[in-house]
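These numbers come from the heavy atoms of this one structure, side chains and all, not from hydrogens, waters or symmetry mates.
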Amino acid sequence: MTSQAKVYVAVIASFSEDGHLFPRRLRWEDGREYSIEKILDVRPAAALKAGGQGDRYTVQINGHQSYLFFERSPNISGTHLGKWFVERK
């Protein structure tokens, strides 16, 4: 497990009227952007390659399944709710 396996990414997300968080689009570290076609599952889970844990979103991007994690901030204040990351392959 190395910290290089964890890649924080920018995500455009939305909230439903009942407070559910849905990632819609992410930007990889090289600037490429990907639309999230489907959210297949959401559950609390450990990031086995990168370390840490969070809400693991199983998403479909370009027809491929991938994991996107939301790491909640321990000190929620203002607009800082947490950070998104993916595990480098």
Side-chain angles (χ1 to χ4, degrees):
M1 233 181 321
T2 68
S3 62
Q4 295 177 349
K6 184 183 282 187
V7 180
Y8 288 101
V9 293
V11 171
I12 294 174
S14 63
F15 282 94
S16 67
E17 61 277 355
D18 57 355
H20 292 273
L21 176 60
F22 299 103
R24 301 296 185 199
R25 192 168 177 82
L26 71 85
R27 185 176 49 228
W28 189 243
E29 59 190 347
D30 64 2
R32 288 181 291 172
E33 294 192 4
Y34 300 93
S35 292
I36 295 169
E37 298 160 352
K38 287 184 186 174
I39 298 171
L40 304 169
D41 186 48
V42 183
R43 66 181 64 200
L48 300 178
K49 292 180 188 173
Q53 61 185 15
D55 296 329
R56 186 184 72 191
Y57 288 72
T58 305
V59 297
Q60 181 175 310
I61 299 173
N62 291 337
H64 299 282
Q65 185 175 309
S66 185
Y67 294 135
L68 173 64
F69 291 86
F70 183 69
E71 184 178 75
R72 295 172 189 259
S73 173
N75 301 314
I76 296 174
S77 64
T79 60
H80 189 250
L81 303 177
K83 298 189 289 188
W84 295 92
F85 70 92
V86 296
E87 295 178 306
R88 189 183 308 278
K89 294 186 177 182

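Atom CG of L81 and atom CZ of R72 lie 9.0 Å apart (nearest 0.5 Å). R56 CZ to D41 CG: the interatomic distance, rounded to the nearest 0.5 Å, is 7.0 Å. Note: K83 NZ to F69 CZ = 15.0 Å, rounded to the nearest 0.5 Å. Atom CZ of F15 sits about 4.5 Å away from atom CG of L21, to the nearest 0.5 Å. Between the CD atom in E37 and the NE2 atom in H64 there is a gap of 9.0 Å [rounded to 0.5 Å].
F70 has its side chain within reach of Y57: a pair of non-hydrogen atoms, C-beta onward, lies under 4.5 Å apart. Here the side chains of Y34 and N62 are in contact, with some heavy-atom distance below 4.5 Å.
A side-chain contact (heavy atoms from CB on, under 4.5 Å) with L68 holds for exactly one of V42, I39, T58, I36; it is I36.
The backbone N or O of V7 lies less than 3.5 Å from no partner atom in the side chain of E29, so there is not a single donor-acceptor pair.
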* To do: Show the numbers, then the answer: is there a side-chain contact (heavy atoms from CB on, under 4.5 Å) between L26 and I61?
  => CA-CA 10 Å; L26 71 85; I61 299 173; 3.8 Å; yes

* Taking it one step at a time, do K6 and E87 satisfy side-chain contact (heavy atoms from CB on, under 4.5 Å)? -> CA-CA 5 Å; K6 184 183 282 187; E87 295 178 306; over 6 Å; no

* Asked: After noting the C-alpha distance and the side-chain angles of V9 and F85, does the key distance pass the side-chain contact (heavy atoms from CB on, under 4.5 Å) rule?
  -> CA-CA 5 Å; V9 293; F85 70 92; 5.8 Å; no

* Under the side-chain contact (heavy atoms from CB on, under 4.5 Å) rule, what do W84 and Y8 come out as? Steps first, then yes or no, please. => CA-CA 6 Å; W84 295 92; Y8 288 101; over 6 Å; no

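Other residues, nucleotides and ligands contribute at most 12 non-hydrogen atoms within 6.0 Å of the CZ atom of R27.
For the residue pair Q60 / Q65, no side-chain donor-acceptor distance below 3.5 Å is found, with atom types taken as modelled. The closest side-chain donor-acceptor pair between S73 and N75, if any, does not fall under 3.5 angstrom.
Scanning both residues, A5 and K49, for their nearest heavy atoms gives CB-O, 3.7 Å.
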